[in-house]
Every structure is written in C-alpha cells, then in structure tokens.
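Read through the structure below, which is laid out as structure tokens, and then see the notes.
Convention: sequence-line order gives letters A, B, ...; per-chain numbering from 1. Keep in mind that what you see is a predicted model, and the values were worked out from it rather than measured.
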Amino acid sequence: MKSYLRTALAEALEKAGYDLPAAITVERPRQDGHGDLTTNCAMVLAKAAGKKPRALAEEIVAQLPRDPDLIAGIEIAGPGFINISFTETFHRRQLALLLEAWDAFGRSAAGQGRRVQVEFVSANPTGPLTVGHGRGAVFGDTISRLLEWTGHVVEREYYFNNAGRQMRILGDSVRLRYLELLGDAIEFPADYYQGEYIKDIARGVMEKHGDSKRGEPAEGLFKAVAEEEIFADIRKTLGSIGITFASYFNEHSLYTDGKITEVVDALKAKDLTYEQEGALWFKASALGNEKDKVIIKSTGEPTYRLPDIAYHCEKFKRGYDLMIDVFGADHVATYPDVLAALKALGYDSSKVKVLIHQFVTVMQGTEVVKMSTRKANFITLDELIADAGCDAVRYFFIMRTVSSHLNFDIELAKQKSDENPVYYVQYAHARISSILRFAEKEGRVASGARANFDLLVAPEELALIKQLLQFPETVESCALTHEPHRLADYLHDVAAMFHVFYHHHRVVTPDEGLTAARLALVQAVKIVLRNGFTILGISAPEQM
RNA sequence: GCGCCUGUAGCUCAAUUGGAUAGAGUGUUGGCCUCCGGAGCCAAAGGUUUCGGGUUCGACUCCCGACAGGCGCACCA
C-alpha cells in the first residue's frame with residue numbers, strides 16, 4: 001500500500017510541477033481519525049515552493065487518483081498532512097488473504113535470501129549462564145527468528161575461548177576443591193571461582209577417579225572436565241528456552257590455523273603496529289579511535305582484541321552479507337578497535353552490526369539482587385527458567401528495548417496471575433481456542449476464507465481487522481531495525497483489541513452468516529498471535 | 001577526568017525512528033458475568049517528557065551545556 005501511494009504521489013507531484021523530495025514519509029498515523037496512511041510531503045515541499053503547506057496540499061490532492069473501490073477519502077489536516085483512508089471493503093478483502101496464508105502470514109522475502117550470521121551469548125565456559133546472559137541470548141535468538149521470517153538465511157554462532165588465564169583459574173579452582181574433598185588442607189584464593197558448581201564438578205572427579213588425581217596439574221584433567229560439564233550445562237540451559245546454535249567457534253582454532261599471525265602480518269604491512277616496552281601495539285588512534293591498544297603482550301600472548309579481529313576476518317571470508325554481534329554493555333569499549341582494524345584491512349566494516357544490550361537489574365519485588373560471579377548469591381538463568389518458565393523469561397527479556405537498563409522482577413515473572421504481562425497475550429489465544437472448541441461442539445465450523453466478511457461492520461471488528469493486517473509490516477520493520485520489543489508491543493495490542501471485540505460481540509450466534517464471519521475473524525486473530533508467538537519463541541496455549 | 005547507554009504518570013516501560021491531543025501495564029478509586037474462558041472489559045485519577053538553551057512548519061526524539069544513575073576506560077575476557 002505504501003509503495004502504491006508513493007508512486008501515486010510521485011505522479012501527482014509531477015503533474016502539479018514538483019519533484020518528489022527524498023525526505024517525505026508515507027506512514028500509518030498514530031492517531032485514530034487521521035486515516036489509514038498519511039504523508040507529510042506538502043509540508044516538506046512548502047518552503048522550497050514558497051507556498052503555504054495546506055494550499056500546496058490542495059494542489060497535490062487534486063492530482064491524486066481515486067479508485068472508489070480502494071480509496072474512501074482523502075483529507076488535508078493539521079499543518080498540512082494529507083490523510084488517506086481506504087475503504088472498509090478493501091480491508092475486509094485482505095482478511096481472506098490472511099487466512100489463506102495461515103502459518104506463513106507475516107513471512108516475507110524482504111531479505112532476498114541474504115546470508116546473515118548472528119553471534120551471541122559467546123560466554124566462556126567458566127560457569128553457568130547468569131540472568132545477564134539471558135537477555136543477550138533471547139535477544140540474539142529473537143533477532144535471528146525475525147530475520148528468518150523475513151527472507152534471510154541465518155546462522156547462529158557461539159564464539160568461545162577455552163584457553164587463557166580464566167580457564168587456568170577454573171581448572172585450578174576445581175583441583176583445589178577436589179583436594180579439599182580428599183581431606184587436604186587447602187587455601188582457596190579469593191579471586192578463584194567460588195560457586196557451588198565447582199564443588200560439584202570436583203565431586204564428580206572424586207567419584208570417578210578416587211584420589212588417583214592428587215598429583216594432576218590444574219590445566220589437564222581438571223580444566224577439561226570443568227569445561228565439558230559447564231558447556232553441557234550451558235547448552236542445556238539454552239535448549240530449555242529454545243535456543244540452539246548452528247556452530248560453536250573455538251577461539252583457539254585461530255591460533256592453530258595461523259589466522260592470528262596472518263592478521264598480525266597484515267597489520268604490520270599496513271604500518272598499523274609498533275613495538276613498545278616489549279609489547280606490540282595497534283595504532284587505533286591513527287584510525288580515529290581514542291588510544292592505541294596492546295595486541296600482543298610482552299609475554300608473547302595476544303590480548304583478546306587480536307583474536308577478535310582475526311575472528312571477524314574469518315567471518316568475512318565466509319561471505320556473509322551481514323554479521324550481527326550481540327554484546328552486553330560491558331563490551332562496549334572493545335568493538336570500535338575491531339571495526340577500525342577490519343576497515344584498515346580492507347573489509348567493509350559496515351557489514352558488521354554491533355548490537356549492545358544494557359544490563360539487567362534483577363529485582364526481588366522492590367529489592368535489588370546484587371550479582372556477582374565470585375559470590376554465591378548470583379542467580380543463574382537456569383534457576384530463573386525453572387522458577388518463571390520459558391515463556392515468561394523470553395517475553396520479559398524481549399518486551400523492552402535493548403538500550404533500556406531493564407529491571408527484571410523475579411517475583412512478577414514467577415506469578416501466574418493477571419499481573420504478569422505474558423499471560424495477557426497468551427490468554428487471548430487460549431480464549432479464542434476455547435471459542436473455537438465451543439463452536440465446533442455446537443456444530444459450527446469456521447468456514448475460513450469463504451465467509452462473507454462484509455458482515456463485519458462493527459467498529460471493534462474493523463479496528464481488529466486493521467490491526468491484524470499490520471502484522472507483516474510489523475515483523476518486517478522489527479527485523480530490519482533489529483527491534484524485537486516492538487513485536488511484543490504489537491501482539492499486546494492485538495490481544496487488547498480482541499478482548500474489546502469479545503466483550504462487545506458474541507461470536508457464536510443464531511445468525512449463520514455472521515457466526516461464520518466472526519469465527520473466521522477470530523481464527524485470523526489466533527493465527528496472528530500464534531505466528532507472533534512463534535517468532536518470540538513462546539508457546540501458544542490452547543488452554544491455560 | 002574520558003567514552004557508551006539511560007533519565008517520560010507513584011512504580012515498570014512504550015511512543016511507527018522528526019509528526020497531529022505523549023500511550024500501555026501495574027498500583028489507587030468506582031462500575032460490569034442468567035450468555036462463547038472475569039487471567040477479561042469499561043470509567044476516573046495520575047505529565048512543565050530531569051533542568052537550561054538551540055536547530056524548524058513541528059522536538060520525548062537531533063545539537064550544545066548542566067544534573068542524576070548504569071557500564072566501560074588493563075600487557076583481564
């Protein structure tokens with residue numbers, strides 16, 4: 001519709017003797033009573049034309065085509081908006097298309113098969129996922145689902161590092177707990193991993209090997225066992241909220257494959273490095289960033305920045321059209337250097353889209369729950385899912401913009417009551433299912449696209465129909481702007497409008513024709529809700 | 001001190017990316033089931049969009065400056 005109107009506008013403007021300016025918008029007005037689509041073109045053009053916006057709008061409107069089956073009215077309003085309304089018949093006709101598309105309603109080819117890689121979670125296997133990881137996990141997965149629905153080919157990837165200092169400490173933490181279990185007197189350093197899970201892993205080693213591993217170095221068995229168990233745990237947690245990855249990329253492979261040295265050589269060749277105090281520095285400041293950064297320590301070990309660059313070079317070689325990195329706010333400082341390096345190495349860094357999500361504050365009612373991996377008081381994502389359930393967890397994480405510092409109220413998410421927002425939308429679905437069951441019991445069957453939609457004349461029905469028809473464009477814009485929270489908003493509105501409709505009108509009545517039309521309408525609502533839930537990764541309950 | 005993010009109703013957050021009268025949930029108050037699910041609906045109340053400037057037809061949105069909070073600012077990841 002928008003593109004139809006754009007071309008119609010362009011033609012009208014041409015006839016009136018103006019060029020179509022790039023800055024005009026054609027969009028749905030946010031206010032009822034302002035038509036179905038609105039354009040600001042008269043206001044944008046007014047200054048250059050030396051005319052009053054409203055007078056100019058008159059000229060343009062006079063040139064617009066008016067198909068009576070399609071256009072119900074064109075009005076000039078406010079400072080010079082041109083508002084266009086479509087006929088009710090037009091909207092109703094679209095309902096048949098919705099029912100025809102069914103499970104595919106909302107899918108589009110907007111992405112044209114472009115290959116997108118989405119990298120997210122990427123937590124190193126040093127401990128269970130926290131609530132904080134949960135936000136990135138749900139966000140990354142929902143972005144992926146949105147892109148899949150809009151015609152992109154998506155690959156989810158998890159990047160991890162099982163080498164380095166952190167992992168050494170992890171292995172040694174397990175070793176010490178193991179010795180402790182064997183009755184040895186140990187001193188457990190404060191900066192070691194304090195969690196209970198370390199003791200569990202140590203206990204596992206003891207049960208399997210007895211005391212035979214007393215002399216084992218931390219880096220061998222202990223580290224390997226810890227990594228394996230923790231990773232299995234992470235996958236299980238993610239799996240329980242419907243998240244799986246196509247690939248897990250091990251940072252370590254960048255060393256064995258020689259990718260790291262390739263990058264160092266390439267940077268050296270571009271004269272973007274220098275040595276100082278025994279370390280190799282990257283000239284980030286020469287590329288417009290704040291300061292230079294060490295990429296190889298004086299010990300000869302690279303800092304994390306270097307493999308990050310090498311990893312992204314690797315991604316580029318795989319030929320993706322778009323690479324999305326989902327990071328937590330604690331990683332903000334790292335990506336400008338990586339992007340600068342990629343650009344300097346000749347890659348199109350605009351293909352890398354870095355999405356930062358802000359931190360989650362966990363609330364227990366009005367109490368802030370302090371999070372620390374060191375201490376025992378952190379809440380794992382696993383515990384949260386066990387308490388609140390997959391649907392509530394996913395919905396809570398996705399219903400806010402990623403840039404908001406969101407409060408996650410555990411008490412609220414746990415509640416199975418009307419205070420919990422996820423139940424509101426799911427309730428609408430369950431209610432519809434119940435209506436359809438009732439109708440079937442009464443011997444009425446939804447006749448689908450064959451119903452006479454012209455019988456749906458009530459304002460609540462028309463409002464609902466219009467809302468449903470916006471689903472595809474909502475999905476598309478959520479996907480392209482990487483803003484999944486707007487889908488949650490939209491579905492909430494669908495549910496609300498359905499409830500209003502339900503309150504005003506009976507679906508199953510003695511009137512055969514009307515019943516058929518309303519059953520079809522309600523079925524359409526159910527389809528939109530269910531398709532939306534599928535994208536959000538939450539269930540569509542037949543009853544609650 | 002510097003960088004990124006945030007500041008909107010009592011509370012948690014939206015606002016079609018610069019549009020018309022800033023909206024939801026929750027909480028408070030008062031209504032609505034002889035009828036398809038009351039986990040619902042309706043109504044009232046609640047706002048100088050932190051503050052001060054600027055840009056333009058038009059600003060919660062963009063720019064500058066304060067103030068407040070979060071996250072970073074390693075030869076940790």
Side-chain angles (χ1 to χ4, degrees), chain A residues 23 25 27-31 33-34 38 40 42-44 46-47 52-53 77-81 83 122-124 126 161 164-167 251 276-281 289-291 293-299 301-305 307-308 328-334 336 356-359 361 363 366 399-409 412 416-421 423-424 426-428 430-439 441-442 444 470 473-474 477 481 483 485-486 488-490 492-493 495-496 498-500 502-509 515 518-519 522 543-544:
Chain A
T25 60
E27 59 194 10
R28 267 184 39 79
R30 106 173 66 197
Q31 194 96 31
H34 289 159
T38 186
N40 62 354
M43 291 179 291
V44 175
K47 199 164 197 180
K52 288 187 175 168
F81 290 100
N83 297 335
S122 296
N124 289 338
T126 57
N161 178 15
R165 199 179 73 96
Q166 282 187 21
M167 293 301 289
E251 178 185 319
Q276 194 179 331
E277 295 164 15
L280 190 68
W281 292 69
N289 287 354
E290 214 183 333
K291 43 181 141 173
K293 298 285 164 55
V294 170
I295 51 173
I296 298 180
K297 303 183 224 172
S298 51
T299 60
E301 275 185 320
T303 63
Y304 64 90
R305 232 171 286 265
D308 269 6
D330 52 341
H331 285 242
V332 263
T334 82
I356 304 285
H357 63 267
Q358 295 301 314
F359 271 33
T361 307
M363 307 287 290
T366 52
M399 70 181 180
R400 308 301 186 200
T401 67
V402 274
S403 58
S404 75
H405 306 244
L406 80 74
N407 284 9
F408 192 115
D409 186 342
L412 183 59
K416 292 195 181 349
S417 77
D418 54 350
E419 285 175 44
N420 191 332
Y423 286 97
Y424 182 83
Q426 289 184 319
Y427 180 67
R431 199 179 220 184
I432 292 169
S433 305
S434 172
I435 294 170
L436 295 175
R437 280 194 298 271
F438 174 82
K441 205 176 70 191
E442 299 283 304
R444 310 298 193 79
Q470 280 159 45
E473 78 184 64
T474 303
S477 84
T481 58
E483 290 179 345
H485 75 277
R486 281 168 43 209
D489 262 13
Y490 166 83
H492 179 272
D493 288 347
F498 163 72
H499 286 310
V500 171
Y502 174 86
H503 185 257
H504 283 86
H505 308 285
R506 277 192 65 87
V507 175
V508 180
T509 65
T515 300
R518 286 192 175 153
L519 281 173
V522 159
Q543 49 193 323
M544 296 169 68

[X] side-chain N/O to [N] phosphate OP1/OP2 under 4.0 Å:
{"X": "A:T401", "N": "B:C13", "result": "no"}
{"X": "A:S404", "N": "B:U12", "result": "no"}
{"X": "A:K441", "N": "B:C36", "result": "no"}

Give me the distance, rounded to whole Å, that separates [N] from [M] when you measure between the [atom1] atoms they each carry.
{"N": "B:G23", "M": "B:C5", "atom1": "P", "answer": "27 Å"}
{"N": "B:C64", "M": "B:A59", "atom1": "C1'", "answer": "15 Å"}
{"N": "B:G38", "M": "B:A20", "atom1": "C1'", "answer": "37 Å"}
{"N": "B:U8", "M": "B:A74", "atom1": "C1'", "answer": "38 Å"}
{"N": "B:A44", "M": "B:G3", "atom1": "P", "answer": "47 Å"}
{"N": "B:A43", "M": "B:U48", "atom1": "P", "answer": "24 Å"}
{"N": "B:U26", "M": "B:A14", "atom1": "C1'", "answer": "14 Å"}
{"N": "B:A22", "M": "B:U28", "atom1": "C1'", "answer": "22 Å"}

Syn/anti label of B:C57 as read from its glycosidic torsion, with the cut at 90° from 0: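 Here the answer is anti: the torsion falls beyond 90° from 0.
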Watson-Crick or G-U wobble partner of [N], both distances under 3.5 Å:
{"N": "B:U26", "result": "B:G10"}
{"N": "B:C51", "result": "B:G65"}
{"N": "B:G40", "result": "B:C32"}
{"N": "B:A59", "result": "none"}
{"N": "B:G3", "result": "B:C71"}

So, under a plain 3.5 Å distance rule, would you say the side chain of [X] forms a donor-acceptor pair with the base of [N]?
{"X": "A:D493", "N": "B:A14", "result": "no"}
{"X": "A:S434", "N": "B:C36", "result": "no"}
{"X": "A:H405", "N": "B:C5", "result": "yes"}

When you get a sec, tell me which of [options] is the closest nucleotide to the side chain of [X]?
{"X": "A:V294", "options": "B:G40, B:C36, B:C75", "answer": "B:C75"}
{"X": "A:Q358", "options": "B:C5, B:G19, B:C13", "answer": "B:C5"}
{"X": "A:Q31", "options": "B:A20, B:G37, B:C41", "answer": "B:A20"}
{"X": "A:Y424", "options": "B:C73, B:G72, B:C41", "answer": "B:C41"}
{"X": "A:V332", "options": "B:C13, B:G38, B:G3", "answer": "B:G3"}
{"X": "A:E277", "options": "B:C57, B:A77, B:C75", "answer": "B:C75"}
{"X": "A:Y427", "options": "B:U21, B:A77, B:G40", "answer": "B:G40"}
{"X": "A:W281", "options": "B:C75, B:G19, B:C13", "answer": "B:C75"}
{"X": "A:R400", "options": "B:A14, B:C13, B:C41", "answer": "B:C13"}
{"X": "A:N407", "options": "B:U12, B:G25, B:A20", "answer": "B:U12"}

How long is the span from the [atom1] atom in [X] to the [atom2] atom in [Y], to the nearest 0.5 Å?
{"X": "A:F81", "Y": "A:E27", "atom1": "CZ", "atom2": "CD", "answer": "8.0 Å"}
{"X": "A:H499", "Y": "A:Y427", "atom1": "NE2", "atom2": "OH", "answer": "7.0 Å"}
{"X": "A:T401", "Y": "A:D489", "atom1": "OG1", "atom2": "CG", "answer": "10.0 Å"}
{"X": "A:K297", "Y": "A:L280", "atom1": "NZ", "atom2": "CG", "answer": "13.5 Å"}
{"X": "A:M399", "Y": "A:H485", "atom1": "CE", "atom2": "NE2", "answer": "11.5 Å"}

If only side-chain N and O atoms count, and only distance matters, is there a donor-acceptor pair under 3.5 Å linking A:R486 with A:T474?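 Absent: no donor and acceptor within the cut-off.
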If every non-hydrogen atom of A:A77 is compared with every non-hydrogen atom of A:N83, which pair is closest and at what distance?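 Heavy-atom minimum between the residues: CB-ND2, 3.5 Å.
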Earlier contact from the 5' end, RNA chain B, for A:R431 and A:I296: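 Upstream on the strand: A:R431.
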RNA chain B: A:F438 or A:G278, which has the more 5' nearest nucleotide?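 Of the two residues, A:F438 wins.
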Check against side-chain contact (heavy atoms from CB on, under 4.5 Å), A:F498 and A:V522: CA-CA 8 Å; A:F498 163 72; A:V522 159; 4.2 Å; yes
Would you mind reading off the distance between [X] atom [atom1] and [N] atom [atom2], rounded to a whole angstrom?
{"X": "A:Q543", "N": "B:G37", "atom1": "CD", "atom2": "P", "answer": "11 Å"}
{"X": "A:E251", "N": "B:A77", "atom1": "CD", "atom2": "P", "answer": "8 Å"}
{"X": "A:L412", "N": "B:C13", "atom1": "CG", "atom2": "P", "answer": "11 Å"}
{"X": "A:M43", "N": "B:A59", "atom1": "CE", "atom2": "C1'", "answer": "14 Å"}

Near-parallel close stack of [X] and [N] base (under 5.5 Å, under 30°):
{"X": "A:H485", "N": "B:A14", "value": "no"}
{"X": "A:F81", "N": "B:A20", "value": "yes"}
{"X": "A:Y304", "N": "B:A77", "value": "no"}

Please classify the nucleic acid contact of A:A430 as base, sugar-phosphate, or nothing, using heavy-atom distances under 4.0 Å.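 A:A430: base contact, heavy atoms under 4.0 Å.
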